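Working notes for the structure below.
The structure presented is a predicted model; accordingly, all values stated were derived computationally and were not measured. Every heavy atom of this structure was used, including side-chain atoms; hydrogens, water molecules and symmetry mates were not. Proteins come first, then strands; the chains are lettered A, B, ... in the order of their sequence lines, and each starts at number 1.
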2 protein chains.
Amino acid sequence: MERKSSSTLHDVAREANVSIATVSHVINNSRVVKASTRARVEEAIQSTGYRHNMVARELKMGSSGLIGVLIVDYNPFYTDVLRGIEKRLETMGYKFVVASTGEQWERQRELIHLMVARRMQGILIAPVAGFDAEYVTRYVPEQCPVILFDRHVDGLPSVTSETRNATRQLVEHLAHHGNRHVGMILSTDAISTMRDRQSGMEEACGELGLKLSIERTTPDDRGGYEATLRLFNRFAREDQPDVVFAANNVMLLGVLRCMKESGFSVGKDRSVVGFDDQIWCEVFEPPITVLNQNAYGMGEAAVDLLKVALEGEAVTSKRLPVHLTIRRSCGCPMN
Amino acid sequence: MERKSSSTLHDVAREANVSIATVSHVINNSRVVKASTRARVEEAIQSTGYRHNMVARELKMGSSGLIGVLIVDYNPFYTDVLRGIEKRLETMGYKFVVASTGEQWERQRELIHLMVARRMQGILIAPVAGFDAEYVTRYVPEQCPVILFDRHVDGLPSVTSETRNATRQLVEHLAHHGNRHVGMILSTDAISTMRDRQSGMEEACGELGLKLSIERTTPDDRGGYEATLRLFNRFAREDQPDVVFAANNVMLLGVLRCMKESGFSVGKDRSVVGFDDQIWCEVFEPPITVLNQNAYGMGEAAVDLLKVALEGEAVTSKRLPVHLTIRRSCGCPMN
DNA sequence: TTGTATGCGTTATCAC
DNA sequence: GTGATAACGCATACAA
């Protein structure tokens with residue numbers, strides 16, 4: 001049974017002795033077909049090995065039913081967002097296509113081109129450092145709404161986390177434990193999340209009278225490790241931060257590693273707090289106190305905004321609350 | 001500047017006073033065009049807001065340059081594989097499309113249909129429980145090669161991990177520490193990885209004279225927790241397993257949680273070993289000994305096999321070595 | 001209940 | 001150098 005290129009409606013029609021219109025209609029159930037001819041057609045579909053060609057259909061119909069999603073990396077946070085997107089999109093009857101851009105605007109730009117070239121119905125983007133909102137607005141046609149998530153950029157609607165409140169709660173809690181000096185580890189401030197986390201912390205520490213020292217590094221565990229070291233080396237032993245706050249969960253691992261090697265007991269000698277909850281945070285000894293974003297909900301919300309945009313209505317950005325999960329790494333005696 | 005649906009080659013051609021053929025050629029650089037007309041065309045492309053339509057191009061050319069990838073879930077293992085796939089595909093000039101199936105054959109089947117309907121050039125699949133290789137072979141046209149990864153199924157080429165050797169090394173190591181009884185936590189044996197991990201362990205324990213007790217559960221951390229409990233309850237205190245081996249990294253977390261709540265000191269009272277390395281495994285106290293698959297390499301290898309298949313040559317399945325990473329949770333005094 | 005014919009936006013084969 | 005024009009595989013308005 002040799003078939004070079006997949007057979008077409010024509011082949012099926014010829015085989016079944018009907019017109020291609022009829023074949024098309026039995027496939028799409030788009031008009032009444034006599035049972036006997038339908039049977040003949042279905043038989044022919046089998047015997048010719050016909051496979052529906054969505055790309056032809058797409059061209060004809062002018063729409064793909066596909067949503068493009070651009071994430072920065074396949075890290076646990078974004079994959080949780082993805083799950084939320086997937087779930088919500090499913091109920092809308094859309095499929096989606098993911099691609100990761102790394103923290104590179106050039107690559108993200110290329111992928112945006114690809115998405116519009118493939119006539120996606122909408123694009124969900126986690127914008128990278130250097131993201132040019134004006135360019136994107138100009139480039140992407142209006143019928144293809146763009147919704148940002150995780151990070152906000154002026155000029156486009158987005159769904160992001162509201163860090164301020166939770167950070168305030170956290171700092172109150174830390175102050176309550178008697179902490180006086182927080183060391184904060186951030187990556188580049190070309191990303192809105194990092195700026196927000198920083199300003200939230202500055203505000204809270206300012207109001208509550210805690211000293212704040214900031215250290216910037218690469219957003220990986222090695223960066224977390226080295227930044228912690230620098231944070232401690234900047235001060236005499238008695239002036240060192242008593243709590244280290246890592247602005248993402250992978251730098252957090254580096255902080256923890258550094259604590260371990262430096263012989264500090266987390267939760268006793270020094271407090272540690274992270275951003276984004278992972279399963280291991282709970283199992284760790286001591287369990288890690290974290291500022292927890294609603295990643296799954298962010299995915300859902302992004303799709304909800306997209307839906308609004310697709311219906312032609314005006315969309316407004318959304319901020320999701322961040323939850324403070326207190327465990328023991330912050331120095332809490334028990335929980 | 002209103003444009004309803006994106007403009008086409010025709011619009012550009014009209015605007016530039018040339019034929020659509022010329023426009024097509026300047027876009028694709030597919031034949032020599034006088035500099036002045038090229039300039040006029042490029043100008044027109046700008047002014048009409050033309051965006052290349054890949055779906056039309058695809059229909060005409062009969063190929064999409066897209067590879068479909070079906071993973072079970074967006075867990076750390078599969079996302080590592082994804083990174084390998086992405087990297088390798090990039091050098092081949094292909095883009096790819098990911099979708100997750102959950103452990104549901106129905107869903108996987110649907111997505112396979114979707115992939116062929118969208119005329120993917122090839123499909124990379126992590127087959128789920130219930131995967132019907134015969135069906136897939138019959139359904140997917142020959143021009144669209146299918147390569148399995150992570151799990152093998154008779155009848156289709158795959159790239160999987162070779163567990164036997166590393167397991168043997170592990171058991172030797174454990175026996176060396178004086179362990180006599182290993183408790184193994186597995187999920188369903190409808191998946192080849194679980195069967196392989198089991199048979200590898202049975203073989204090694206048999207040869208080295210260790211007792212083996214198996215407990216099956218759901219592949220999440222709660223499953224790991226409950227299975228550990230059952231594993232201990234099955235025996236009188238003195239006959240309980242002295243080492244618990246979790247067949248994946250998320251069940252491992254459950255095991256660890258159970259150890260903690262039961263008051264067992266990992267690495268002293270009981271040994272714990274996991275499958276698949278994660279960053280946290282190293283930072284954990286004690287650091288976790290694991291059997292470490294080469295996830296990234298698996299992605300690369302899958303693409304390599306695909307490449308061979310795409311070139312029309314016969315492909316043979318590949319098995320990647322698994323590496324035993326000894327840390328301290330297995331009871332090693334130091335490392 | 002079924003068939004004919006047109007066009008979706010390209011690329012490619014001719015011809016000029 | 002450039003321009004007509006025929007497919008690609010499908011959905012559908014219009015006929016019959």
Side-chain angles (χ1 to χ4, degrees), chain A residues 3-42 44-45 48-65 114 116-121 141 143-144, chain B residues 3-42 44-45 48-65 114 116-121 141 143-144:
Chain A
R3 68 191 131 71
K4 349 193 55 163
S5 65
S6 201
S7 62
T8 73
L9 285 188
H10 278 95
D11 304 321
V12 178
R14 185 162 8 89
E15 183 80 8
N17 256 308
V18 294
S19 73
I20 65 166
T22 303
V23 179
S24 174
H25 282 122
V26 341
I27 288 173
N28 298 315
N29 250 313
S30 41
R31 85 178 173 195
V32 190
V33 171
K34 192 160 63 171
S36 63
T37 50
R38 146 164 280 133
R40 249 185 16 257
V41 169
E42 273 161 355
I45 289 180
T48 56
Y50 173 76
R51 301 286 176 267
H52 198 165
N53 188 330
M54 295 280 258
V55 2
R57 170 177 227 275
E58 223 173 284
L59 175 59
K60 177 64 188 172
M61 309 274 281
S63 84
S64 65
L114 193 77
V116 340
R118 292 219 181 270
R119 295 301 185 263
M120 299 287 145
Q121 311 274 253
Q143 320 87 45
C144 175
Chain B
R3 68 191 131 70
K4 347 194 53 163
S5 65
S6 201
S7 62
T8 73
L9 286 187
H10 277 97
D11 304 321
V12 178
R14 186 162 6 89
E15 183 80 8
N17 257 310
V18 294
S19 73
I20 64 168
T22 302
V23 180
S24 174
H25 282 122
V26 343
I27 288 173
N28 298 315
N29 251 312
S30 40
R31 86 178 171 195
V32 189
V33 171
K34 192 159 62 171
S36 63
T37 50
R38 145 163 280 132
R40 251 187 14 261
V41 169
E42 272 161 356
I45 287 180
T48 54
Y50 173 76
R51 300 286 176 269
H52 197 167
N53 188 331
M54 296 280 256
V55 1
R57 168 176 230 273
E58 224 172 285
L59 175 59
K60 180 61 188 174
M61 309 272 282
S63 85
S64 64
L114 193 77
V116 339
R118 294 224 181 268
R119 295 301 185 264
M120 298 288 146
Q121 312 275 248
Q143 318 87 47
C144 174

### Partners meeting side chain to side chain donor-acceptor pair (under 3.5 Å) with B:Arg40 (sequence neighbours left out)
none
### Task
Could you tell me whether the phosphate oxygens of D:dT2, OP1 or OP2, come under 4.0 Å of any side-chain nitrogen or oxygen in B:Ser19?
no
### Query
Which part of the nucleic acid, if any, lies within contact of A:Val55, taking any heavy atom under 4.0 Å across all strands shown: a base, the sugar-phosphate backbone alone, or nothing?
nothing
### Message
If the condition is side-chain contact (heavy atoms from CB on, under 4.5 Å), which residues does A:Leu9 pass it with, not counting sequence neighbours?
### Response
A:Ile20, A:Val23, A:Ser24, A:Ile27, A:Tyr50
### Query
Can you give one letter per nucleotide of nucleotides 10-16 of chain C, going 5' to 3': B for a protein heavy atom under 4.0 Å from the base, S for sugar-phosphate only, - for none?
BBB-B--
### Query
Say you draw a straight line from CG of A:Leu114 to CE of B:Met54; how long is it, rounded to the nearest 0.5 Å?
5.0 Å
### Residues in contact with DNA chain C, drawn from residues 32-41 of chain A - heavy-atom cutoff 4.0 Å
A:Val32, A:Val33, A:Lys34, A:Thr37
### Message
Whether the side chain of B:Ser7 engages the backbone of B:Thr48 through a donor-acceptor N/O pair (distance < 3.5 Å, no angle test) should be reported.
### Response
yes
### Task
To the nearest Å, give me how far apart CG (A:Asn17) and C1' (C:dT4) are.
16 Å
### Task
List for me each residue that meets side chain to side chain donor-acceptor pair (under 3.5 Å) alongside A:Arg118, sequence neighbours excluded, and say none if there are none.
B:Glu58
### Counterpart residues, side-chain contact (heavy atoms from CB on, under 4.5 Å), relative to A:Lys60 (two or more places apart)
none
### Query
By salt bridge (charged side-chain N to carboxylate O under 4.0 Å, His left out), which residues pair with B:Arg31, not counting sequence neighbours?
none
## Note on the structure
note: B:Arg14, atom CZ; D:dG3, atom C1'; distance rounded to Å ~ 16 Å
## Note on the structure
Ranking A:Leu59 and B:Thr22 by the position along DNA chain D of their nearest nucleotide, the one closer to 5' is B:Thr22
#### Entry: Gap separating the NE2 atom of A:His52 from the CZ atom of A:Arg57, nearest 0.5 angstrom
5.5 Å
#### Entry: A:Ser63: partners by side-chain contact (heavy atoms from CB on, under 4.5 Å), with sequence neighbours left out
A:Gln121
### Task
With axes from five pairs an end, tell me the bend angle of the helix from C:dT1-D:dA16 to C:dC16-D:dG1, nearest 10°.
40°
#### Entry: Euclidean distance, atom CG of residue A:Asn29 to atom P of C:dT2 [Å, nearest integer]
14 Å
### Message
As an exercise, state the distance from CD1 of B:Ile45 to CG of B:Asp11, rounded to the nearest 0.5 Å.
### Response
12.0 Å
### Message
Under the rule for side-chain contact (heavy atoms from CB on, under 4.5 Å), what residues qualify as partners of B:Ser30, not counting sequence neighbours?
### Response
B:His25, B:Asn28
